[in-house]
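Everything below concerns the one structure shown next.
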Amino acid sequence: MFSKVLENQLLQTTKLVEEHLDSEIQKLDQMDEDELERLKGKRLEALRKAQQQKQEWLSKGHGEYRETPSERDLFQEVKESKKVVCRFYRDSTFRCKILDRHLVILSKKHLETKFLKLNVEKAPFLCERLRIKVIPTLALVKDGKTQDYVVGFTDLGNSDDFTTETLEWRLGCSDILNYSGNLMEPPFQNQKKFGTNFTKLEKKTIRGGKKYDSDSDDD
């Protein structure tokens, strides 16, 4: 019975895709040469802008997972980019190294986001100001303000064996990178097994809102 329902759903989906393609082909058939040239021009312009944006990101250090040596350097890095993920770490914490390998992969995949790490021993002021007490912590910064945090591995399935896709999903929930999957379905094989209730709609209270300003005195 289940297989029959699934088969019907697949057939319906295939039919919708075919109808959409037929409609697009019909539109193209009805275009004259001038319209086709305008369409081609728009697509070429979109590709040109996308390439320019990519080069701009790369010039600002996107595309790699880097260490920022000090709080002041982090302030500057944040000012330059709209979306930043910063991992606060300590050399003696084993779980920090687990995050490293996933962040290296994501930094290369998501050029729209800058990926950094900062040693907490070099950032006492910032750690106090952002109330960072658990290591590792990821600070998710958008437009110069901390929007959210990933504290430990609770939101990643409560397991050291979480996948890169799981971290990608979690960051996507905070709109700190462009996530192409379904935000309402965490990529856990079995949520109950990992004991987490995190979803996009039932997200933990955000402790963010702090602006990255080296001259600010507010708490």
Please report the closest heavy-atom contact between Leu183 and Cys173, naming both atoms and the distance.
CD2-N, 3.7 Å
Atom of Phe88, atom of Cys127 and distance for their closest heavy-atom approach
CD2-SG, 4.0 Å
Full working for ring-ring contact (aromatic ring centres under 6.0 Å, His included) between His102 and Phe162
CA-CA 9 Å; His102 297 298; Phe162 66 88; 4.6 Å; yes
In sequence, state the C-alpha distance, the side-chain angles, and the governing distance for Arg66 and Asp73, and then conclude on salt bridge (charged side-chain N to carboxylate O under 4.0 Å, His left out).
CA-CA 12 Å; Arg66 299 179 291 112; Asp73 289 295; over 6 Å; no
Compare all side-chain heavy atoms of Asp155 with those of Asn158 and state whether any distance is below 4.5 angstrom.
no
Is there side-chain contact between Leu111 and Leu58, with at least one heavy-atom pair below 4.5 Å?
yes
For the student: nearest non-hydrogen atoms of His110 and Asn178, plus distance
CE1-O, 3.0 Å
Show the nearest heavy-atom pair for residues Pro186 and Trp169, with the distance to one decimal.
CG-CZ2, 3.3 Å
If two hydrophobic side chains count as joined below 4.5 Å and joins carry through other members, does Ile135 share a cluster with Leu126?
yes
Membership question, hydrophobic clusters at under 4.5 Å side-chain separation (ILVMFWY): are Leu106 and Tyr89 in the same one?
no
Are the side chains of Lys108 and Val104 in contact, using a 4.5 Å heavy-atom criterion?
yes
Once you measure the plane-to-plane angle for Trp57 and His62, does it fall in the parallel (<30°), tilted (30-60°) or perpendicular (>60°) bin?
parallel
Once rounded to the nearest 0.5 Å, what's the spacing between atom OG of Ser174 and atom CD of Gln147?
8.5 Å
Can you hop from Phe75 to Val141 via hydrophobic side chains spaced under 4.5 Å?
yes
Where do Ile176 and Lys83 come nearest, in terms of heavy atoms and distance?
O-CD, 3.4 Å
Between Glu71 and Leu74, is there a side-chain heavy-atom distance shorter than 4.5 Å?
no
For Lys60 against Glu80, the heavy-atom pair lying closest together:
NZ-O, 3.1 Å
Determine, using the 4.5 Å side-chain heavy-atom cutoff (strictly less than), whether Val84 and Ile105 are members of one ILVMFWY cluster.
no
